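Reading through the structure tokens given below for one structure.
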Amino acid sequence: FLHIGAVEFECDIFVNQTYIGHYFSGFAPVCAEITDAWDSQAENTLCIRASDPGAPYQPSGKSYASRSGIWQSVWLEARPQTYIDHFQIETRCSGTVTIRAVFGGSAHGTLHAVFGDATASSDGNTVVLHIDPPQLWTPDHPYLYEGTLSLTTPDGVDTVHTYFGIREISRARVDNL
């Protein structure tokens with residue numbers, strides 16, 4: 001996979017003269033699957049053509065200047081056949097942490113989360129951790145839990161290193177206000 005943190009404003013990607021695709025970015029990251037064009041036994045050529053066409057759907061105004069180019073990091077990432085595509089972490093002040101993952105590829109596997117002493121595994125795409133007692137994240141005490149989320153399949157293991165803070169935001173109706 002090829003990752004581009006951001007490119008202003010859109011780009012075309014080629015690997016070994018094979019067209020991979022056209023991507024709109026601006027401030028958003030780009031992730032391109034390049035496995036079929038990549039030659040693991042030889043030197044490869046990567047070409048990223050960035051442009052800023054000034055189209056009506058693009059941002060404009062006094063704080064936006066039309067420029068083009070790659071303006072964030074670019075990196076390659078090897079992944080097994082089945083991998084963690086993305087995930088969402090939901091925390092509760094009670095210490096319950098729910099992690100929902102979306103897998104890329106066709107197979108299923110075992111999802112495993114390890115954050116300090118808290119661990120959980122599941123044969124599905126959701127794991128639930130229980131942290132007792134939880135250290136809540138606040139601006140005065142910005143405590144972060146660091147750990148890993150791993151997907152184990154017959155193809156291999158995909159591991160993501162990540163972190164989260166425990167806090168909860170809600171809204172409620174308050175009478176007489």
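None of the values given here were measured: they were computed from a predicted structure.
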Take Phe115 and Thr162 through the test side chain to side chain contact (heavy atoms under 4.5 Å, CB included) and record every step on the way to the result. CA-CA 9 Å; Phe115 289 84; Thr162 189; 3.7 Å; yes
For side chain to side chain contact (heavy atoms under 4.5 Å, CB included), just list the numbers for Leu151 and Val157, CA-CA rounded to whole Å, side-chain angles, deciding distance to a tenth of an Å, and then say yes or no. CA-CA 6 Å; Leu151 174 63; Val157 178; over 6 Å; no
Taking it one step at a time, do Val128 and Ile99 satisfy side chain to side chain contact (heavy atoms under 4.5 Å, CB included)? CA-CA 6 Å; Val128 179; Ile99 304 173; over 6 Å; no
Between Ile34 and Leu76, does a side chain to side chain contact (heavy atoms under 4.5 Å, CB included) hold up when you go through it step by step? CA-CA 9 Å; Ile34 62 171; Leu76 295 174; 3.7 Å; yes
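In this view, Gln72 and Ala6 satisfy the side-chain contact (heavy atoms from CB on, under 4.5 Å) rule, not counting sequence neighbours. The side-chain contact (heavy atoms from CB on, under 4.5 Å) test applied to Asp123 returns Thr110, not counting sequence neighbours. Residues satisfying the side-chain contact (heavy atoms from CB on, under 4.5 Å) test with Asp12, not counting sequence neighbours, are Phe14, Tyr19, His22, Arg49. Evaluation of the side chain to side chain donor-acceptor pair (under 3.5 Å) rule for Ser150 yields Thr159 as partners, not counting sequence neighbours. Qualifying salt bridge (charged side-chain N to carboxylate O under 4.0 Å, His left out) partners for Glu77, counting only residues two or more places apart in sequence or in other chains: Arg79.
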N/O donor-acceptor pairs under 3.5 Å from side chains in residues 137-149, not counting sequence neighbours:
| unit_1 | atom_1 | unit_2 | atom_2 | d |
| --- | --- | --- | --- | --- |
| Thr138 | OG1 | Asp140 | N | 3.4 |
| Thr138 | OG1 | His141 | N | 2.8 |
| His141 | NE2 | Gln135 | OE1 | 3.4 |
| Tyr145 | OH | Gln135 | N | 2.7 |

Listing, residues 164-171 side-chain donor-acceptor contacts under 3.5 Å, not counting sequence neighbours, or none:
| unit_1 | atom_1 | unit_2 | atom_2 | d |
| --- | --- | --- | --- | --- |
| Glu168 | OE1 | Cys93 | N | 2.8 |
| Glu168 | OE2 | Arg92 | NH1 | 3.4 |

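The hydrophobic cluster containing Leu136 also contains Leu129, counting ILVMFWY residues as joined when their side-chain heavy atoms lie under 4.5 angstrom apart, directly or transitively. Side-chain heavy atoms closer than 4.5 Å link hydrophobic residues (I, L, V, M, F, W, Y) into clusters, and following such links, even through other members, never connects Val114 to Ile89. Criterion: ILVMFWY side-chain heavy atoms under 4.5 Å apart, direct or through other members. Under it, Val160 and Leu111 are part of a common hydrophobic cluster.
Counting heavy atoms from C-beta outward, Val30 and Ile13 have side chains that approach closer than 4.5 Å. The shortest side-chain heavy-atom distance between Ile4 and Ile70 falls under the 4.5 Å cut-off. Considering only heavy atoms from C-beta on, Thr96 stays 4.5 Å or farther from Ile131 through its side chain.
Listed by first and then second residue, the salt bridge (Lys or Arg N to Asp or Glu O under 4.0 Å) pairs that reach into residues 13-24 come to none, sequence neighbours excluded. Residue pairs that meet the side chain to side chain donor-acceptor pair (under 3.5 Å) test with at least one member in residues 36-45, sequence neighbours left out, are Asn16-Asn44. Among residues at least two apart or in separate chains, ring pair (Phe, Tyr, Trp, His ring centres under 6.0 Å) pairs with a member in residues 80-99 are Phe1-Tyr83. Among residues at least two apart or in separate chains, salt bridge (Lys or Arg N to Asp or Glu O under 4.0 Å) pairs with a member in residues 98-116 are Glu90-Arg100.
The main-chain N or O of Val102 is never found under 3.5 Å from a side-chain atom of Asp85 such that the two would form a donor-acceptor pair.
At most 12 heavy atoms of other shown residues, nucleotides or ligands fall within 6.0 angstrom of atom CD in Gln81. Heavy atoms of other residues, nucleotides or ligands lying less than 6.0 angstrom from NE2 of His3 number more than 12.
In the hydrophobic clustering, where aliphatic and aromatic side chains (Ile, Leu, Val, Met, Phe, Trp, Tyr) are joined below 4.5 Å either directly or transitively, Trp75 stands alone.
Residues Val127 and Ala113 come closest through the heavy atom pair CG2-CB, 3.8 Å. The shortest heavy-atom contact between His130 and Ala118 is O-CB, 4.2 Å.
Rounded to the nearest 0.5 angstrom, Glu8 CD and Ser51 OG are separated by 10.0 Å. Taking SG from Cys31 and CG from Leu2, the interatomic distance works out to 8.0 Å, rounded to the nearest 0.5 Å.
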